[in-house]
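First up is the structure itself, then whatever we jot down about it.
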Amino acid sequence: MRKEYKSIREVVGPLMLVDHVEGVKYDELVDIVQADGEHRVGKVLEINGDSALVQLYESSQGLKIATSKVSFLGHGIELGVSRDMLGRVFDGMGRPKDGGAAIIPDKKMDINGSPMNPVARDYPAEFIQTGISAIDGLNTLVRGQKLPVFSGSGLPHAQLAAQIARQAKVLDDSEDFAVVFAAIGITFEEADYFIKDFRKTGAIERAVLFMNYANDPAVERISTPRMAITCAEYLAYELGMHVLVIMTDITNYAEALREVSAARKEVPGRRGYPGYLYTDLASLYERAGRIRGKKGSITQIPILSMPEDDKTHPIPDLTGYITEGQIILSRDLYQRGIRPPIDVLPSLSRLKDKGIGEGKTRADHADTMNQLFAAYARGKDAKELAVILGEAALSDIDKIYAKFATAFEERYVSQGYTTNRSIEETLTVGWELLSLLPKSELKRVKDRFIDAYYPEDKEG
């Protein structure tokens, strides 16, 4: 029997203080019932003696202290999960948002999850094809990896997120693949874009969407990514599916964390964010991976917009420590019309070598990737030199590399948001670009691959 309390001392904004409570735990779910039968929901933020500080999920407007009853439910926030969630849209608290019927859950899962035993982790090793050459060819995504996208304000990370969600797949068609998409603190316009794109392309059939709007309470924003990852854990580890979790925008999540931390009067850390930001982000990111003996896997692509394009800002900085690389969007490329504007040189996938090669992508993948990186870096240097000293100062071979860098950006990186390239098409484009260079310059590619793939009519 749940005990009801009528001892609300005060309500200030979204916070409510309840006195004379017993056996209450941190993060416990709270049900507030008003005299007219209206229910509101909150969670325990802090316990001090026999007083509990509760954060409301809705506005406190109209809440009557004298006549309201408070019940502590004895558990944290739970998500009812089922295979029927595929193809559905939910809000940040896991309630259906698409007008469809409520989900009849197979089970209820705590959204905070359970820590994954490090010994039980399996090493990420299989290739996931996103259809985007700058990722597949050069910064390959591997099943079970955490690969964030670092963007800037106004850059097209929403289009990139939708493209990855729409196109991503594992090459083995017999495998069940699903996308769980969490939109955190986005505008109605962005939400409408995502939902329409998923429905128009049919990607919604294998996806679960959790949509949290900018005007929703901050505490709900903190729950949204956990809802998505909990759903992914069920699909992956209970149903054996390979799940790609895309979360945008993690910066909005961190801002909500800062807001709640300030409401609790905690001592702020860097830039006003709570000192436990690193731990909190890790509690999200580290729920990706593969478990030995289980067929399914969770791969994460968190997307975050860097305030003032600053990579040293706490959110991208700490994210970089926890995850296995980053995809960086460039404002300069965007202004020059490169779509998607992925800056491949500072981008990095630390696990790419584990997911490429014979039997995974193609035997020549690693060699061509290294040669493309090296040639593009030298070409960019040559172009910068030409800006300072003039093109006449460049040697003949530097002019070839400068031409290569331009062609690389226009043909390899810039493919638009609707082109879905297979890994073979990506490798073919790579070889066409390498054919702009003389054979003698291909020092990072084995002779047998040059003999097999270098177009003979382009021999330098």
Side-chain angles (χ1 to χ4, degrees), residues 126-143 145 147 149 156 159-175 177 179 197 201-203 206 242 244 299 301 327 329 333 337-345 347 349 352-376 379 403-437 442 444-446 448-458:
E126 292 97 7
F127 170 68
I128 289 182
Q129 181 175 288
T130 65
I132 300 165
S133 293
I135 297 175
D136 293 350
L138 301 176
N139 294 290
T140 312
L141 179 64
V142 179
R143 199 185 299 175
Q145 184 178 5
L147 186 63
V149 174
Q159 288 93 318
L160 182 65
Q163 184 177 14
I164 293 171
R166 189 170 63 241
Q167 296 179 178
K169 67 172 191 172
V170 291
L171 294 186
D172 184 351
D173 289 335
S174 66
E175 303 277 17
F177 188 76
V179 174
D197 187 82
T201 59
R206 57 162 193 173
H242 297 291
L244 176 63
T299 308
I301 299 185
I327 303 294
L329 302 191
L333 290 177
I338 306 296
R339 304 285 187 274
I342 295 173
D343 196 351
V344 298
L345 293 182
S347 295
S349 170
K352 63 188 173 195
D353 294 334
K354 310 297 177 189
I356 63 176
E358 200 156 3
K360 293 177 179 176
T361 52
R362 208 167 74 184
D364 61 312
H365 190 158
D367 285 14
T368 54
M369 173 182 72
N370 293 334
Q371 189 64 65
L372 286 166
F373 264 124
Y376 180 51
K403 182 182 167 190
F404 172 90
T406 301
F408 177 82
E409 289 173 355
E410 290 172 354
R411 291 178 55 197
Y412 195 94
V413 179
S414 189
Q415 64 177 75
Y417 300 112
T418 55
T419 305
N420 185 2
R421 288 182 185 156
S422 68
I423 186 60
E424 286 78 15
E425 288 171 321
T426 289
L427 291 169
T428 299
V429 174
W431 275 106
E432 287 170 2
L433 289 165
L434 289 178
S435 72
L436 298 172
L437 305 174
L442 304 184
R444 296 170 185 266
V445 185
K446 294 181 183 71
R448 63 189 175 98
F449 297 140
I450 295 174
D451 294 341
Y453 298 109
Y454 188 92
E456 286 303 317
D457 59 331
K458 300 268 188 81

_H242: which of E175, E126, K169 passes side-chain hydrogen bond (donor to acceptor under 3.5 Å, both in side chains)_ =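 Answer to the side-chain hydrogen bond (donor to acceptor under 3.5 Å, both in side chains) test with H242 among E175, E126, K169: E175.
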_Partner of R166 under side-chain hydrogen bond (donor to acceptor under 3.5 Å, both in side chains), chosen from T201, N420, D197, T418_ =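 Single side-chain hydrogen bond (donor to acceptor under 3.5 Å, both in side chains) partner of R166 among T201, N420, D197, T418: D197.
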Roughly how far apart are [X] [atom1] and [Y] [atom2], rounded to 0.5 Å?
| X | Y | atom1 | atom2 | result |
| --- | --- | --- | --- | --- |
| S435 | L442 | OG | CG | 9.5 Å |
| R444 | D367 | CZ | CG | 10.5 Å |
| L345 | N139 | CG | CG | 9.5 Å |
| I128 | L244 | CD1 | CG | 6.0 Å |
| L138 | L372 | CG | CG | 6.0 Å |
| I135 | I327 | CD1 | CD1 | 5.0 Å |

Under a 4.5 Å cut-off applied to non-hydrogen side-chain atoms, are [X] and [Y] in contact?
| X | Y | answer |
| --- | --- | --- |
| L329 | I342 | yes |
| T406 | K403 | no |
| V445 | Y454 | no |
| L141 | I301 | yes |
| E425 | Q415 | no |

Looking at every non-hydrogen atom in both residues, tell me the closest pair between [X] and [Y] and how far apart they are.
| X | Y | result |
| --- | --- | --- |
| A165 | V179 | O-CG2, 3.6 Å |
| I356 | M369 | CD1-CE, 3.9 Å |
| L333 | P341 | CB-CB, 3.9 Å |
| L437 | A375 | CD1-CB, 3.8 Å |
| V170 | R143 | CG1-NH2, 3.4 Å |
| F404 | Y376 | CE2-N, 3.6 Å |

Give a yes or no answer on whether the side chain of [X] reaches the backbone of [Y] with a donor-acceptor pair at less than 3.5 Å.
| X | Y | answer |
| --- | --- | --- |
| S414 | R411 | no |
| K360 | K354 | yes |
| Q129 | I423 | yes |
| Q167 | T130 | yes |

*Are R362 and Y453 in a cation-pi contact, defined as NZ or CZ under 6.0 Å from the six-membered ring centre and within 45° of the axis?*
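Yes; both conditions hold, so R362 lies above the ring face of Y453.
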*asked:* Between S133 and R421, do the side chains contain a donor N or O and an acceptor N or O under 3.5 Å apart?
replied: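 Judged by distance alone, the side chains do pair up.
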*More than 12 heavy atoms of other residues, nucleotides or ligands under 6.0 Å from CD of E424: is that the case?*
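Yes - once you tally the heavy atoms of other residues, nucleotides and ligands closer than 6.0 Å, there are more than 12.
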